[in-house]
Structures are given as C-alpha cells and as structure tokens.
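Okay, structure first, notes after.
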Amino acid sequence: MEQSSLQKLTYNPSEMEKKALSLWQKEGVYKYDKNRSRQETFSIDTPPPTVSGSLHLGHMFSYSQTDVIARYQRMKGMNVFYPMGWDDNGLPTERRVQNVYGIQCSLEIPYDPAYQATKKEGKKNLKAEDISRENFIEVCNELTLEDEKVFKNLFMNLGLSVDWNLEYSTINDLSRKIAQRSFLDLFEKKLAYTQEAPIMWDLDFKTAVAQAEGEDREIAGHYYDIEFAVSSGKSENENDAKFTISTTRPELLMGCVAVVAHPDDERYKSFFGKKAKTPLFNVEVPILPALHADPEKGTGILMVCTFGDANDVDWWKQQKNLPLRQVFDAAGHIESIEFGTEKFPSLDAVKANKYMEELKGLYMKAAAKKIVEFLQAENLLKGEIRPTKRFAKFYEKGQRPLEYLSSRQWFVRLLHQKEEFLNRGKEISWLPEHMKNRFDNWVKGLSADWCIGRQRFFGVPFPVWYPIDGEGKVQYHKPIVASQEDLPLDPLNSVPVGYTESQRNEKNGFKADTDVMDTWATSSLTPQIGGRWGEEGSYFENIYPFDFRPQSHEIIRTWAFYTVAKSHFHEDKLPWRNIAISGWILDPDRKKMSKSKGNVVTPEKYLEDYGADAFRYWALRAKLGVDTAFDENQFKIGRKLCNKIFNATKFVLMQLENATSKVGYDVEKIVVGTDRLWLDELSFCIEDATKAFEKFDYSSALMRIESTFWNFCDYYIELVKVRSYQGQQEEKVSAEESLKYSLDVFNRLFAPFMPFLMEEIFHWRQEFLSETFDVPSIHLMKWPLSEEREMQDYSFDLIKEISSAIRAQKTKEQKGMKTEVSLLKLALLKNEIPSFELAREDLMSSGGVKKVELSEAKSLEERKIEVTLLG
RNA sequence: GGGCGUUUAGCUCAGCUGGUAGAGCGCUACCCUUACAAGGUAGAUGUCGGCGGUUCGAUCCCGUCAACGCCCACCA
C-alpha cells in the first residue's frame with residue numbers, strides 16, 4: 001500500500017492476461033448453471049469454427065462481438081449459456097488425415113478396436129493403408145483434437161467468456177448420436193426419403209453436393225456447331241433435313257435424349273413431333289418444344305443430355321417418358337456403353353459401337369476431343385470452333401465443375417414448406433434487419449430438396465440398412481432404421497434387429513448404407529447438441545429456443561437456414577429469437593481476405609503486440625453486419641485507451657491514498673455541485689450504454705462509455721484533483737467519494753470490453769482501497785444502474801468550461817488572473833439568476849477557484865461567468 | 001436480369017424521429033507542465049457520390065444515375 005508500489009506500475013497486458021486467465025479458470029467465473037430457469041438464462045448458439053487451417057482475423061473479430069454481449073448479459077445477472085463447438089466433421093479433415101497418417105478408408109474392412117494410427121512423418125510414397133470407417137473416424141478425432149487445442153488457446157487469450165465445460169465437436173459421440181436421432185425423427189415424420197435422382201456431383205471428391213454448397217465460377221470453353229438431321233428412320237439419307245446445334249459439351253452427345261426448341265420458333269416449328277438423329281451414334285431422339293430454349297441463343301435449338309446442366313435436369317423431370325442415359329461414371333470416365341440395346345438404341349449400332357470402343361474409359365475432356373475429331377472426319381462439324389467463357393457450378397472446395405449424376409441419395413423435404421420457412425424468417429429478429437432479405441431470397445429460390453448424403457467417410461453415418469431379397473437384389477425402398485437406444489452407431493459394424501452378422505451382404509440378408517451425412521446435417525443441430533437434446537440430464541428446456549445466434553452472412557443460406565428448418569421440423573419452433581450477422585474483415589483495398597489472394601492477415605501477432613483488450617477494442621468499435629477494412633491503427637487506438645485507463649486509475653488511487661474513508665463509497669456524501677453534475681453525467685452514460693446494449697449495439701455503448709471516460713480524465717479529474725487531497729473536509733470527502741464511485745462505475749462499464757484490464761483494476765481496488773466484494777471477479781459484478789434522482793438543470797459543459805479555463809490559466813502561469821468562461825449555450829442562461837447562484841456556489845467549492853462573477857453585457861447571450869482562480 | 005448493402009475530412013468510421021456536419025488517427029504550432037510523451041494544449045481540413053423532386057429548410061425522405069461489394073437467377 002505504499003505509494004511507490006502504485007507509482008511503479010506500468011501497463012503490461014500479457015502479465016495481467018495470464019493472471020486473469022488463471023483466476024477465471026480457478027473460480028469458474030463463466031460457468032453455466034443448468035439448474036437455473038429459462039427466464040434467468042441467456043443462451044448463445046455459438047458458431048463452431050471449422051477446425052482446419054487456422055483461425056483468422058475475421059473469427060477473432062466476430063467472436064469478440066459475441067463475447068461482449070455474453071459479458072453484458074452475465075453482469076445483468078443472467079445465467080449465460082455460452083458453449084464452444086468445433087466443426088471437425090467433413091472433407092477438409094478427411095483429406096488431412098489421409099495425408100498425415102497415410103491411411104484411407106475402406107468400407108469393406110471391419111472395425112479393429114486395437115488399431116493405432118501413426119503419423120508417417122516425412123515418409124513419402126507409402127501405399128495408403130486401408131482401415132475401417134469407424135477406425136478412420138477415430139483417427140480424425142485424434143488429429144482434430146490437436147487443432148482444437150490451438151484454437152481453444154487462441155480464443156482463451158482473446159478473453160472469450162465461454163464455459164469450456166460446454167465444449168463439443170461435431171463428430172464426437174454426442175453429436176453423432178444427436179445427428180442420427182435427428183435423422184430418425186425426420187424419417188419417422190416422412191421428411192427424409194431416399195431416391196435415385198440426378199444430383200450435383202463432384203468428380204474429384206466423388207461425392208454428392210447440396211444446392212447450397214455450389215458456387216458459380218467462370219471457365220473457358222468452346223462452342224462446337226454440330227449438325228443433326230431430322231430422322232427418316234434410316235441411318236444414311238441424303239434427303240434428311242439438317243439443322244445445327246451449338247454446344248459446349250460434345251462429350252455428352254451419347255447421352256442425348258431429346259432435342260428442343262422454343263415453341264414459337266418458326267425455324268423449327270415444323271420439326272416438332274418428328275425425331276432427330278444424333279450424329280455419329282445415330283440415336284433417334286424426339287424433337288420437342290421447350291420454353292427454356294431461347295431463340296436468340298446459339299442456333300435456337302439444343303440437345304438435352306442426361307445431364308449437362310440444371311436446365312436439362314429440370315426439363316427432363318417434367319417429361320415423364322424420357323430415358324436416362326448416364327454416359328460417365330462417378331470419377332468422370334466415359335462409361336462403356338453398348339449401342340443397339342434397349343437403353344441405347346441406334347440406327348447403326350455397329351458404327352456407334354466402333355466409336356464407343358475408342359471413347360470408353362476416357363476422361364470427359366479427352367472424350368470431347370475425340371468426338372470432335374470424329375465429327376470433323378464425318379464433316380458434321382460446321383463453322384469455326386469458337387472460344388467462349390461460361391459460368392459453371394462448382395463445389396465450394398472443388399477443382400472441376402460439378403456434373404449431374406444420377407444416384408441414390410437421402411433427401412430432406414424442403415420444397416413443400418417454403419411458406420412456413422418464410423414465416424419463420426419473419427419471426428426472427430435480424431441484426432441488422434436487412435440480412436433477412438438473404439434468407440428470404442434463398443428460400444424463395446430453393447429448387448431442390450436437401451440432399452444430405454455424402455459419399456465420404458469422415459462424417460455421421462446413416463443409421464440405416466437395406467434388406468436383400470432372395471435374388472440378391474437390395475431393397476432400397478424398404479430401409480431398416482436403427483432404434484434410438486443403439487445410437488450412435490455405424491451400420492457397417494452393427495446389425496439390424498432380427499439379423500445376424502453372417503447375413504451381411506448375403507441373399508435374404510441385409511446391406512448397410514455406406515454414406516455419411518452432409519456436415520450441415522450436423523451443424524444445423526448446434527442448439528440441440530448444446531442442450532443435449534433427448535439425452536439423459538438434458539437441459540434443452542432451459543436454453544431453447546436460444547436467445548442469440550451470431551454468424552456471418554455467407555452462411556445464411558446454409559447454417560442459418562438449415563438450423564431454422566431442423567428446429568421447425570423437430571420442435572415446430574424457432575431455434576433462436578435473435579440472429580446477429582457480423583461483417584467481414586476486408587483488406588485495406590476493401591477486398592475480401594482469402595487464402596487464394598494471399599492477403600490474409602493472421603491474428604496472433606496483433607494479439608501479442610497490442611494485448612487482448614486493445615485487440616478487442618478494434619473488433620468492438622465495429623457495428624454488427626458492417627464490413628470493416630483492416631486498419632492496424634485501430635489497435636493503436638485501443639492500446640492508447642487501455643493505457644489511459646490504466647494511468648488514470650492509478651492516479652485516482654494515488655489521490656485516494658490518504659482518503660478519509662477507503663471502504664466503498666457513499667453517494668450521500670457527494671454534496672458539492674460540480675461533483676453532483678459529474679454524477680449526472682455518469683448516470684446519463686450508464687443509461688445510454690444500457691439502452692444500446694439492450695439492442696445488442698455494443699459499439700454505440702463503447703463509444704458512449706469511452707467518451708465519458710475521456711471527459712472524466714480531461715475535465716473532471718482536473719477539476720477535483722486539488723480538492724480531493726487538500727480541500728475543506730466536507731468538500732474533500734465529496735470529491736473522494738465521487739472519485740471512488742466513478743472508479744467503480746468505469747470498472748464495471750468497461751468490463752465487457754476490456755476484461756483483462758478491468759480484472760486487474762478490480763484487484764487494485766481491493767488492494768489499495770481495501771474494498772471488499774463478495775465475488776471473486778469483476779465479471780461477476782452487476783452492471784451499474786443509473787441513479788434515480790433529479791438531474792441538475794445545467795449541463796456537464798460547465799465542468800468542461802471551468803476545467804479548460806483553469807488549465808489555460810495554469811499553462812500561462814498567470815495565476816490569480818481573471819478568466820472568462822463562455823456560457824453561450826449553457827442551460828444556465830435559460831434560467832438565469834437562481835441557477836447562476838447555484839453554479840457559483842458549486843464552483844466556489846470545487847477547488848482552485850477564488851471568485852465567480854457574472855459579467856455585465858447588453859444581451860443575455862453575451863454574458864459570461866468570470867472565474868478568478870486562487871493564486 | 002432480380003435483390004440487398006455501401007458511398008460523409010488524407011485514412012478508419014459515428015451521425016437517433018429532416019434544422020446548413022462529428023470522433024479518433026494523420027497533419028500544423030506550442031509544451032518534459034500537471035497521473036499519463038503509449039502524454040497535454042491550441043488549430044486547419046468537407047459542393048455529406050452525381051442529378052432531379054418533396055419541404056421554409058435535405059447528409060437524413062422520394063425518384064434517378066454511377067462506382068464498389070455481396071446474394072440469387074440465366075449461361076445450349
């Protein structure tokens with residue numbers, strides 16, 4: 001308690017961060033109490049970050065924004081449910097595991113409980129070892145655990161007030177169990193169904209992809225003008241009418257099932273009802289009218305192949321009688337097609353099969369080249385090959401354009417409930433409001449049910465088997481689903497009720513579903529996973545529907561939408577009341593930061609250089625939903641504010657070393673007018689900050705608190721510092737109590753924003769002021785309330801004026817001189833004499849002032865208060 | 001083509017229901033002078049993207065155009 005010990009202190013963020021972190025952990029400051037009621041609970045549906053690669057600035061930015069809200073709610077006395085999940089389920093992890101351990105998943109191999117994976121550490125060209133899916137998942141779990149530790153550390157250092165007891169990963173037993181439970185519920189409600197249908201397919205990952213995971217990219221291609229003929233039923237006929245089709249996909253020619261033109265197109269009207277003959281393969285296909293054919297584009301007539309693009313799929317689905325002709329396999333090789341069969345008829349099967357001989361097994365690109373050569377040889381390629389740019393759908397993480405492939409998949413019905421989803425969107429409070437448009441747009445544009453199956457390994461297996469009949473045919477239309485008690489399970493290692501392991505893949509036996517679920521099928525259940533939905537000891541009812549869901553805008557169509565859909569299906573409720581969309585961090589040129597552009601800034605360095613509190617300041621100055629250009633300056637400003645708070649607090653504590661009373665504060669003893677004015681200012685600040693926080697507008701709250709704090713330093717401290725240690729007793733006490741009160745208020749107001757520094761100051765108060773508290777941390781203190789009493793009728797500007805004047809005089813070293821305080825806009829003049837008298841008394845007792853007079857002037861506005869300072 | 005957002009001082013951004021603009025950084029000048037030089041004091045800086053309209057009055061409301069960004073659709 002010696003003065004020197006205070007004086008020596010310098011702002012050292014990393015030291016106080018360490019201290020605070022261990023205190024929080026030791027005291028369980030952020031622990032969620034599952035026994036408290038729903039009304040007393042504020043629940044947050046935290047986004048589980050993808051655990052691959054590293055956390056970037058954008059994460060730190062948006063997670064800080066959620067944390068400040070969590071901290072405010074906690075100080076309001078709420079029981080905060082603030083979990084953290086890791087999204088480790090999915091492709092990126094799977095690929096890494098394959099590389100790191102040199103293993104791959106085989107669906108044929110049984111589970112080996114004794115299996116231990118070893119990292120291959122530099123050994124190259126090892127043949128990948130085959131292991132079972134369940135073993136593979138175990139290895140994935142091991143690897144992601146390491147990443148999760150790194151992430152957790154970084155989040156802790158940022159000061160997130162997460163309850164780490166509520167940590168989960170999207171592939172752990174609980175998540176798998178709940179994802180499977182969700183599936184069973186959807187199945188029971190007839191919302192999940194399996195069907196053979198064309199789906200978007202990634203050739204490299206060899207998996208189905210959902211509508212929401214596609215993105216458009218521009219690719220280079222070529223137009224080929226190919227000559228077709230109207231068929232007369234013979235393979236060769238000089239007199240057949242000819243027409244030309246422009247296509248960019250000649251390799252799909254074998255899959256052509258129809259030729260279409262716009263119904264009003266005069267050029268082709270007479271062809272409708274007739275058949276066309278495909279070049280090379282001589283397959284007869286109907287010529288039909290179709291509205292999606294645009295007479296302006298190409299030659300106005302086009303081939304429908306199963307399948308070249310979404311149009312083909314849509315149109316094909318509407319036509320009931322068209323065949324399906326799949327020409328390439330799951331890896332993008334041309335299938336071995338036999339012409340002259342029922343599925344692939346031809347007017348000249350011999351010739352067609354001769355061409356096929358050379359095409360089969362080729363990758364599509366090579367096949368296209370070959371076909372073009374054949375066409376040239378037969379003089380069926382008309383005009384020039386014209387280069388073009390076109391947009392194609394890609395899987396977000398993929399390298400090659402998506403293809404449409406027909407396969408059996410599990411779907412979740414969405415299309416029948418678009419209206420309901422739109423209504424759900426209306427019930428949610430969107431922050432900022434306009435983000436709702438993205439949700440609406442997406443729902444309105446939905447064109448396919450949700451394909452939830454993925455032909456991958458690291459994911460949640462479908463708890464499903466299919467019976468095999470006496471002829472060895474798999475009865476896909478009669479799925480056998482697992483029962484609740486057995487979850488989580490992998491059907492590859494479990495047996496359905498009524499069967500034995502020996503019947504696996506046998507006649508009259510069963511076959512396991514080999515697919516896993518889409519990542520979103522699990523992550524759309526974060527509210528259920530967080531609340532341990534359907535589990536013993538579940539506290540789902542105490543947190544659901546959640547109060548707050550933070551997330552970024554690019555996943556409104558996926559995560560937000562799917563979460564709403566699942567909640568709607570399972571509970572017939574909204575998953576959360578408020579959704580807050582954070583903005584993006586852009587690089588200084590206002591471009592989105594992305595790995596491919598090489599403009600990504602990693603957070604570790606800034607966190608270390610400026611300290612977590614300064615780092616948070618940068619994130620918390622930004623409003624929700626607003627993209628922010630990265631600017632290192634903002635860290636400096638945060639650092640400066642932290643330093644100022646540190647020094648000002650230190651100074652006030654030093655002023656109070658000889659205080660009359662050190663135990664707490666007594667507002668009753670704050671009697672001097674300027675002190676009371678200052679209390680009013682603090683009250684207004686608390687009121688405004690609270691209002692802002694209630695609207696989740698933490699950045700306005702911060703701005704308000706920050707500016708009040710600067711006023712405190714620049715004007716109020718200036719005004720009272722002399723009086724607070726050498727004034728008359730009553731006035732001295734008034735200043736002391738007011739300073740203690742201010743310290744307390746700022747300590748609490750800044751706590752959600754700068755948790756580390758505020759924790760430190762909280763302990764200074766105990767050490768140097770001998771204050772005692774019944775909680776171990778500032779973060780368990782209550783948010784301050786504004787005082788309910790009558791406010792003065794003149795404003796804080798008065799304090800500013802006097803204080804500036806005093807400082808100006810000191811600077812000039814002209815003590816004892818008169819100084820003038822301009823009160824042009826002060827409320828004082830509205831209510832002239834009585835208020836002036838009141839102000840005069842206050843000023844006289846505020847310290848350093850010798851004389852206060854009202855100047856003579858012709859008009860009211862020109863009158864000034866003249867203050868004479870002590871010599 | 002449809003939808004959404006952004007555009008305010010050199011930079012990053014505030015600006016609540018319409019009353020001729022604010023902060024911080026940067027800049028200029030002065031100051032180790034006071035708890036804090038990671039300070040302080042005093043200052044300069046804007047056709048509030050363009051053009052129309054409503055209004056006594058528009059950064060704010062309406063229309064329109066432009067630039068930038070995002071989402072969706074189309075792409076034979």
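Convention: sequence-line order gives letters A, B, ...; per-chain numbering from 1.
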Which atom pairs, donor and acceptor, lie under 3.5 Å between side-chain atoms of residues 287-297 of chain A and protein residues at least two apart or in another chain?
residue  : atom : partner  : partner atom : Å
A/Asp294 : OD1  : A/Glu296 : N            : 2.9

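No side-chain N or O of A/Ser700 forms a donor-acceptor pair with one of A/Arg704 less than 3.5 Å apart.
Within 4.0 Å (heavy atoms only), A/Tyr223 reaches sugar-phosphate atoms of the nucleic acid but no base atom. A/Asp312 comes within 4.0 angstrom of no nucleic acid atom, judged by non-hydrogen atoms across all strands. When heavy atoms are screened at a 4.0 angstrom cut-off, A/Lys650 is found touching no nucleic acid atom at all. A/Trp315 comes within contact range of no nucleotide atom at all, as no heavy-atom separation falls under 4.0 Å.
Taking atom C1' in both B/rU47 and B/rG39, one finds a spacing of 38 Å when rounded to whole Å. Comparing the same atom, C1', in B/rC74 and in B/rA67 gives a spacing of 25 Å after rounding to whole Å. Using C1' as the reference atom, B/rU6 and B/rC13 are 13 Å apart when rounded to the nearest Å. Between B/rG43 and B/rU55, the distance separating the two C1' atoms is 37 Å to the nearest Å. B/rG1 and B/rU20 are spaced 41 Å apart, taking the C1' atom of each and rounding to whole Å. Rounded to the nearest Å, the gap between the C1' atom of B/rC27 and that of B/rU12 is 16 Å.
Identified under the side chain to side chain donor-acceptor pair (under 3.5 Å) test for residues 633-644 of chain A, with sequence neighbours left out: none.
With sequence neighbours left out, A/Met16 forms a side chain to side chain contact (heavy atoms under 4.5 Å, CB included) with A/Tyr11, A/Phe646, A/Leu757, A/Glu760. The side chain to side chain donor-acceptor pair (under 3.5 Å) search around A/Arg400 returns A/Asp204, not counting sequence neighbours. For A/Leu415, the side chain to side chain contact (heavy atoms under 4.5 Å, CB included) partners are A/Lys418, A/Leu446, A/Asp449, not counting sequence neighbours. For A/Asp264, there are no side chain to side chain donor-acceptor pair (under 3.5 Å) partners two or more places apart in sequence or in a different chain. Applying the side chain to side chain contact (heavy atoms under 4.5 Å, CB included) criterion to A/Thr388, with sequence neighbours excluded, gives A/Tyr223, A/Thr248.
Salt-bridge annotation for A/Asp225 and A/Arg386: present, with a side-chain N of the basic residue lying under 4.0 Å from a carboxylate O of the acidic one.
Distances were taken from every side-chain heavy atom of A/Glu718 (C-beta onward) to each of B/rC72, B/rA35, B/rG40; the shortest belongs to B/rA35. You'll find that the side chain of A/Asp714 is closest to B/rG40, out of B/rG40, B/rC4, B/rC74.
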Handout entry: Where protein sits on nucleotides 11-17 of chain B, one letter per nucleotide: B base, S sugar-phosphate only, - none, heavy atoms under 4.0 Å
Key = -SSSS--
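Stem analysis of RNA chain B (Watson-Crick or G-U pairs, both distances under 3.5 Å, runs of at least three) returns B:1-7 with B:66-72, B:10-13 with B:22-25, B:27-31 with B:39-43, B:49-53 with B:61-65.
Phosphate proximity of B/rG26 to A/Lys636: absent, as no side-chain N or O sits under 4.0 Å from OP1 or OP2. Taking only side-chain nitrogens and oxygens, A/Lys393 never comes nearer than 4.0 Å to OP1 or OP2 of B/rC74.
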